Trainee: 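Dumping the structure here so I can ask a few things about it.
As a basis for the values below, the full set of heavy atoms in this structure was taken, side chains included, without hydrogen atoms, waters or symmetry mates. Below, chains carry the letters A, B, ... as their sequence lines are ordered, and counting in each starts from 1. These figures come from a predicted structure and were not determined experimentally.
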Number of protein chains: 2
Amino acid sequence: MNVISFLQQTINLGPEIEADLTHIIVREQFPKNHILIRPGQYYRRLMFVEEGLIREHYLSMAGKDTTYRFHTEGSFVTADESFTDNQPSQYTFETLEDSVICSISHADFENILRQHPELEQLHILVMHQLIREMKERITALQFQTATERYESLLKSQPSIFQRVSLGHIASFLGISQETLSRIRSKR
Amino acid sequence: MNVISFLQQTINLGPEIEADLTHIIVREQFPKNHILIRPGQYYRRLMFVEEGLIREHYLSMAGKDTTYRFHTEGSFVTADESFTDNQPSQYTFETLEDSVICSISHADFENILRQHPELEQLHILVMHQLIREMKERITALQFQTATERYESLLKSQPSIFQRVSLGHIASFLGISQETLSRIRSKR
DNA sequence: CAGAGTCTTTGACAAAAGTCAAAAAGCAAT
DNA sequence: ATTGCTTTTTGACTTTTGTCAAAGACTCTG
């Protein structure tokens, strides 16, 4: 699924917008296990995962690697600190599979929104979607047990378990790898 | 701090915007422990806490009451499901202190954004701020211990402890009241 | 200020999750 | 198939957190 058809699903882009977008979008291939963005790096591009899977993770001072989240095909991805605040990214972004990523620069993003204000709707829609997901995630982490969170994930994104190692999934769920392994063995 | 001066801090509202806003803003007083929004209710207004404190919380199926978050003076607040998706709210909003709340309807909000597109900037800024906070919160819940989360809160919002009961703070931190009490006694 | 009600702390115990270390399983490349 | 590497599981033990119950402290009201 490419970005433009993805956007078409939501609002009908006129042919000029489509042409303008095609102009500024850069499409790149990356191999599995490629680091896209490292902590400390400035990366002011809005990405869209056309194929593959990105893991966004965080290194604690103790050196522990914690998955903040996975981004699969059809997701928009930014290094928020960089893209919105022009600060260095705190997180690492790496591909876990061969991936195709489309992206546009922050400047082009601002320009196209200025030229086609209808797109603002879409922008806001994406942010609302994000906020909704984050809110669910917060409440899950706040008052569900590890087992409940595991089962939610199994229901909402079963394919993740075929695609990602359990260590990464465990840290995403906020538990240790061993605990996840034990939860899984009990069924 | 009233809404308009609050907004002035960020961008310079022209006098017409200011007049238009003044027109549509409703200012209300609520006593302590007043329920503003109950689960199941449709509430399509954007609120701004001018004075006081709102607690947003969730009732699990087990009947457990978990604080999703606190909204203090100078915060924008909505029942997201209602305001953005026109669905019934899942959360309860209640004042924990006598509060003054300004609000505008969803329709007025849309209209004023259409009439004064400069405001869109501000709208987006508020969402970015929110997303940043939520991301921090998620990582904290994912890989910090209860004690670390307690200490962050103590650092970032020390006044909360003077204003809110420990039971509510405990559920906000994702721990039981007793655990919070024990963390506190060890220092 | 007495008494009801709420909030907070404490104790004893149970359950959940983390840690460390080692074994087992899986995978890829020779 | 064998070797080396990574991932996953298992076991033994520790730490953290939760639960239940009761006691103490605090607050508000009549």
Trainee: Taking CD from Q144(B) and C1' from dT16(D), how many angstroms apart are they, rounded to a whole number?
Mentor: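 After rounding, the gap between these two atoms is 16 Å.
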Trainee: Just the rounded figure in Å: distance from C1' of dC7(C) to CG of N33(B).
Mentor: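 Rounded to whole Å, this separation is 13 Å.
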Trainee: Take E56(B) and K135(A), measure what salt bridge (Lys or Arg N to Asp or Glu O under 4.0 Å) needs, and give me the verdict at the end.
Mentor: CA-CA 12 Å; E56(B) 178 176 356; K135(A) 191 165 181 179; 2.7 Å; yes
Trainee: Which residue, K64(B) or K32(B), contacts DNA chain D at a nucleotide closer to its 5' end, judged by nearest heavy atom?
Mentor: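 The residue mapped nearer the 5' terminus is K64(B).
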Trainee: If you find the nucleotide of DNA chain C closest to G174(A) and the one closest to L166(B), which residue's nucleotide is nearer the 5' end?
Mentor: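 Closest to the 5' end, via its nearest nucleotide, is L166(B).
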Trainee: Using atom CD1 of I175(A) as one end and atom C1' of dA15(C) as the other, report the distance to the nearest whole Å.
Mentor: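 In whole Å, dA15(C) C1' lies 15 Å from I175(A) CD1.
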Trainee: Take the protein atom CD1 of I183(B) and the nucleotide atom C1' of dT9(C), then report the distance between them rounded to whole Å.
Mentor: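 That distance rounds to 14 Å.
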Trainee: Would one find more than 12 heavy atoms of other residues, nucleotides or ligands at under 6.0 Å from atom CZ of R38(A)?
Mentor: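 Result for CZ/R38(A): open.
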Trainee: From the list dT17(D), dT9(C), dA17(C), which nucleotide is the closest neighbour of the side chain of S181(B)?
Mentor: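 My answer, after comparing the listed nucleotides, is dT9(C).
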Trainee: So, is the end of the R69(B) side chain (NZ or CZ) under 6.0 Å from the ring centre of F93(B) and within 45° of the ring's axis?
Mentor: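 Ring-cation test returns no.
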Trainee: Of the candidate nucleotides dT8(D), dT10(C), dT8(C), which contains the atom at the shortest distance from the side chain of S185(B)?
Mentor: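 Out of dT8(D), dT10(C), dT8(C), the nucleotide with an atom closest to S185(B)'s side chain is dT10(C).
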Trainee: What's the closest nucleotide to the R182(A) side chain, out of dT10(C), dT7(D), dT10(D)?
Mentor: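 So the side chain of R182(A) is nearest to dT10(D).
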Trainee: Separation of R184(B) atom CZ from dC7(C) atom P, in whole Å?
Mentor: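 The distance from CZ of R184(B) to P of dC7(C) comes to 15 Å, rounded to the nearest Å.
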Trainee: Please confirm whether the shortest side-chain N or O distance from Q177(B) to OP1 or OP2 of dT8(C) is below 4.0 Å.
Mentor: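 For dT8(C), OP1/OP2 do have a side-chain N/O of Q177(B) under 4.0 Å.
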Trainee: Would a distance-only check, ignoring hydrogens and angles, find a side-chain to backbone donor-acceptor pair under 3.5 Å from T67(A) to H168(A)?
Mentor: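 Yes, because the side chain of T67(A) sits within donor-acceptor range (under 3.5 Å) of the backbone of H168(A).
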Trainee: Would you kindly give the CG-to-P distance between L180(B) and dC7(C), to the nearest whole Å?
Mentor: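 Rounded to whole Å, this separation is 14 Å.
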Trainee: Figure out the OH/P separation between Y150(B) and dT16(D), and round it to whole Å.
Mentor: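 Answer to the nearest Å: 17 Å.
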Trainee: Hydrogens and angles aside, do R132(B) and Q129(B) bring a side-chain donor and acceptor to less than 3.5 Å of each other?
Mentor: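 Looking only at side-chain atoms, Q129(B) and R132(B) do form a donor-acceptor pair, the distance falling under 3.5 Å.
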Trainee: Would you say the base of dC20(C) and the side-chain of E178(A) have a donor-acceptor pair closer than 3.5 Å?
Mentor: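 Per atom types, the contact qualifies.
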Trainee: Whole-Å distance between dT6(C) P and H168(B) NE2?
Mentor: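 In whole Å, dT6(C) P lies 12 Å from H168(B) NE2.
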Trainee: Check whether any side-chain N or O of T179(B) sits under 4.0 Å from OP1 or OP2 of dT17(D), and answer yes or no.
Mentor: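 No, because none of the side-chain N or O atoms of T179(B) sits under 4.0 Å from OP1 or OP2 of dT17(D).
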Trainee: When all nucleic acid strands are considered with a 4.0 Å heavy-atom cut-off, which category describes S176(B): base, sugar-phosphate, or nothing?
Mentor: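 It contacts base atoms.
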